[in-house]
Amino acid sequence: HNLSLSGLSKVMVAQKGSLEELVQLAGCDDSLSRMYAHGALASLGENFEYSMRMADAGAIAPLVKGTRDGGPYSRSSVLGLAQLTNLTELHTALALGGACNALLTALKRAISASSETGLEEAQYAALAVCNLAGNPTARQEFRRIGALEILSTLSRSTMAPPDIQSIAMAAIRNLTRNENTIAHVQPARPTSAL
């Protein structure tokens, strides 16, 4: 995890075949290993090339599970999954892999938590929902699971910060007007060493 945080060591981690190992660890039974792996994937996901390689290595499934389930490493899971939505070529795979439901679950959970970390997760999840809502496959899934009602409530809620309300409104436009607004997802704060 710590090697994935800075420039040269991040490149070395990504180029030495470690992505496949990180993906395996992200889905393993050991919670400490999962936490470190999800943190490293979130850190590496800032780079578009690494995001594509992470998806190719199978990172969607463990990130979807971590995003849906929440827990001690949910910030990393939500951020890692949300960063994959920066690449439109991954949108269909993300939708088919369960990302729509996981992100909507994380968004509802994070908004109700109303802590600083919860609001950060809510922002990542809202951005990812907005990004995916422009994809026809994801749009169908979001409509099926009732995202429009949740996003409408969120866009009008006094409990949600204005930036999250704006993101929710953009997601609604993507869902209802078949727009394709994409908002770049990046960490709100640097990932700290563990």
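As the structure is a computational prediction, the values presented were derived from the model and not from experiment.
In terms of heavy-atom proximity, Ala110 sits nearest to Glu121 at CB-CB, 3.9 Å. Looking at every heavy atom in both residues, Leu44 comes nearest to Tyr50 through O-CB, 3.4 Å. Ser51 approaches Leu84 most closely through the heavy-atom pair O-CD2, 3.4 Å. Taking each heavy atom of Gly98 and Val64 in turn, the nearest pair found is O-CG1, 3.7 Å. Closest approach of Cys130 to Asn174, counting heavy atoms only: O-ND2, 2.7 Å. Residue Ser76 comes nearest to Gly39 through the heavy atom pair OG-CA, 3.5 Å, listed as atom of the first residue, atom of the second, then distance.
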Would Gln123 and Asp163 satisfy side chain to side chain donor-acceptor pair (under 3.5 Å), going step by step from the backbone distance to the final call? CA-CA 8 Å; Gln123 185 174 28; Asp163 56 338; 3.2 Å; yes

Please report the C-alpha distance between Leu154 and Gln165 in whole Å, then the side-chain angles of each, then the deciding distance to 0.1 Å, and finally whether the side-chain contact (heavy atoms from CB on, under 4.5 Å) criterion is met. CA-CA 6 Å; Leu154 184 59; Gln165 289 176 327; 5.9 Å; no

Derivation of the side-chain contact (heavy atoms from CB on, under 4.5 Å) call for Leu151 and Leu107: CA-CA 10 Å; Leu151 291 167; Leu107 180 59; 4.2 Å; yes

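Under the 4.5 Å side-chain heavy-atom criterion for Ile, Leu, Val, Met, Phe, Trp and Tyr, Phe48 and Leu41 are members of the same hydrophobic cluster. Follow the hydrophobic side-chain contacts under 4.5 Å out from Ile150 and you reach Ile145 in the same cluster. By the criterion of side-chain heavy atoms lying less than 4.5 angstrom apart, applied directly or through intervening Ile, Leu, Val, Met, Phe, Trp or Tyr residues, Met169 is not grouped with Val129; the two fall into different hydrophobic clusters.
Inter-residue side-chain proximity for Phe142 and Leu132 is flagged as met; some heavy-atom pair is nearer than 4.5 Å. Using a 4.5 Å cut-off on side-chain heavy atoms (C-beta onward), Tyr124 and Arg75 make contact. Using a 4.5 Å cut-off on side-chain heavy atoms (C-beta onward), Met52 and Leu87 make contact. Side-chain contact between Ile164 and Ile111 is present, with heavy atoms from C-beta onward closer than 4.5 Å.
Sorted by first then second residue, the side chain to side chain donor-acceptor pair (under 3.5 Å) pairs that include residues 127-138, not counting sequence neighbours, are Thr85-Asn131, Thr92-Asn135.
Between atom CG of residue Asp30 and atom CG of residue Leu25 there is a gap of 8.5 Å, rounded to the nearest 0.5 Å. Distance check, rounded to the nearest 0.5 Å: OH of Tyr73 to CG of Leu79 gives 15.0 Å. Atom CD of Glu89 is separated from atom CG of Leu94 by 10.5 Å, given to the nearest 0.5 angstrom. For the atom pair Gln83 CD and Leu63 CG, the distance stands at 9.5 Å (nearest 0.5 Å). To the nearest 0.5 Å, the span separating CZ on Arg34 from CG on Leu22 amounts to 14.5 Å. Remark: Arg143 CZ to Cys100 SG distance equals 12.0 Å, nearest 0.5 Å.
Around atom CD of Glu149, no more than 12 heavy atoms belonging to other residues, nucleotides or ligands sit under 6.0 Å away.
Glu20 is linked by a side chain to side chain contact (heavy atoms under 4.5 Å, CB included) to Ala57, counting only residues two or more places apart in sequence or in another chain.
Between the side chain of His38 and the backbone N or O of Ala26, at least one donor-acceptor pair lies under 3.5 Å. Not one N or O on the side chain of Arg68 forms a donor-acceptor pair closer than 3.5 Å with the backbone of Asn101. Checking side-chain atoms of Thr67 against main-chain N and O of Leu103 turns up no donor-acceptor pair under 3.5 Å. Remark: side-chain polar atoms of Ser157 are not paired, donor with acceptor, to backbone N or O of Thr153 under 3.5 angstrom.
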List, one per line, each side-chain donor-acceptor pair under 3.5 Å for residues 176-188, sequence neighbours excluded.
from	atom 1	to	atom 2	distance (Å)
Thr176	OG1	Ile172	O	2.8
Asn178	OD1	Arg139	NE	3.4
Asn178	OD1	Arg139	NH1	3.3

